[in-house]
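Since the structure comes first, as structure tokens, the remarks are kept for the end.
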2 protein chains.
Amino acid sequence: MEKKVMNIGSVSELTGLSERQIRYYEERKLIFPERTRGKTRKYSFEDVEKIKEIHQKLTDGFTTFEIKQWQAKKWSKSI
Amino acid sequence: MEKKVMNIGSVSELTGLSERQIRYYEERKLIFPERTRGKTRKYSFEDVEKIKEIHQKLTDGFTTFEIKQWQAKKWSKSI
DNA sequence: CGTGTAAGGAATTCTGACACG
DNA sequence: CGTGTAAGGAATTCTGACACG
């Protein structure tokens, strides 16, 4: 499901990561949650998968910048 | 997806119904959202479909009690 | 660089009740 | 019966910053 419907609390629970980590990945332009009028972030299940992947990469020693480049590559290949 | 991850605000947006209506369907035992420690309701996409169905039935003139019975029938048939 | 935390505020959700019909 | 609403409180989320390293 690519619908952005869950708040950061659910994402945190599903990924096991802190809200701080999830917000940071957004700050580094790795994920793009939507916002409600009240500025609350809304994520999709796809975002959850992306976040897990990002965290795995970080654990493997990559920087967010490298992950960003890796995402771009992935994207170009999928075209 | 049967994972209970979205809050009532998202459900309201997806169904076009008010939070009052959604909570009432739970009161009548037609849907069963989960709860966080803080008592916040969490719904799944399946719940969203159920809610739409319930509202359609209500629009068709059925009572919540009849809908409950109809759900039970549906359930027994699926076995 | 990636993440933790305390701080204050704003948005979200909760419950129980009164209202209409 | 099914739904709207005002009320007060509690839980959730937000931002910007300081900290460590």
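Proteins come first, then strands; the chains are lettered A, B, ... in the order of their sequence lines, and each starts at number 1.
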List the atom of B:Ser10, the atom of A:Val5, and the distance in Å for their closest heavy-atom pair. OG-O, 2.6 Å
In a check of side-chain hydrogen bond (donor to acceptor under 3.5 Å, both in side chains) between A:Thr64 and each of A:Arg28, A:Lys29, A:Gln69, which one passes? A:Arg28
Calculate, to the nearest 0.5 Å, the distance between atoms CD and NZ belonging to A:Glu34 and A:Lys3 respectively. 11.5 Å
Not counting sequence neighbours, which residues clear salt bridge (charged side-chain N to carboxylate O under 4.0 Å, His left out) with A:Lys50? List them please. none
Against the side chain of A:Tyr25, the closest entry in D:dT3, D:dT12, C:dT3 is C:dT3
Closest non-hydrogen atom pair between A:Thr63 and A:Leu58, with its separation: C-CD2, 4.3 Å
Under 3.5 Å for both distances, Watson-Crick or G-U wobble, that's the pair rule; now give the dot-bracket for DNA chain C, with | marking pairs to another strand and [ ] for crossing ones. .||||.||.|.|.||.||||.
Kindly state which residues belonging to residues 46-69 of chain B come within less than 4.0 angstrom of DNA chain D, counting heavy atoms of the residue only, listed by number. B:Leu58, B:Thr63, B:Thr64
Whole angstroms only, please: what is the CD1-C1' distance between B:Ile22 and C:dT12? 14 Å
Which residues pass the salt bridge (charged side-chain N to carboxylate O under 4.0 Å, His left out) test with B:Arg23, sequence neighbours left out? B:Glu19
So if I define the base as every atom that isn't primed, P, OP1 or OP2, how would nucleotides 13-20 of chain C read as a B/S/- string at a heavy-atom cutoff under 4.0 Å? SSB-----
Does C:dG2 have OP1 or OP2 sitting under 4.0 Å from an N or O in the side chain of A:Tyr24? yes
Of the candidate nucleotides C:dT3, D:dT12, D:dG4, which contains the atom at the shortest distance from the side chain of A:Gln21? C:dT3
Measure the CZ-NZ distance between A:Arg35 and A:Lys39 for me, rounded to the nearest 0.5 Å. 8.0 Å
Show me the pairs that pass salt bridge (Lys or Arg N to Asp or Glu O under 4.0 Å) and involve residues 51-66 of chain B, at least two apart or across chains. B:Glu49-B:Lys52, B:Glu53-B:Lys74
pair A:Glu26-A:Ile22: side-chain heavy atoms closer than 4.5 Å: no
Given B:Asp47 and B:Val11, is the side-chain contact (heavy atoms from CB on, under 4.5 Å) satisfied, shown in steps? CA-CA 9 Å; B:Asp47 288 328; B:Val11 177; over 6 Å; no
Whole-Å distance, B:Arg28 CZ to D:dG2 C1', equals 9 Å
Backbone N or O of A:Leu30 within a donor-acceptor pair of the A:Gln71 side chain at under 3.5 Å? yes
Nearest-nucleotide check on DNA chain C, A:Ser18 vs A:Arg37; residue mapping nearer the 5' end is A:Ser18
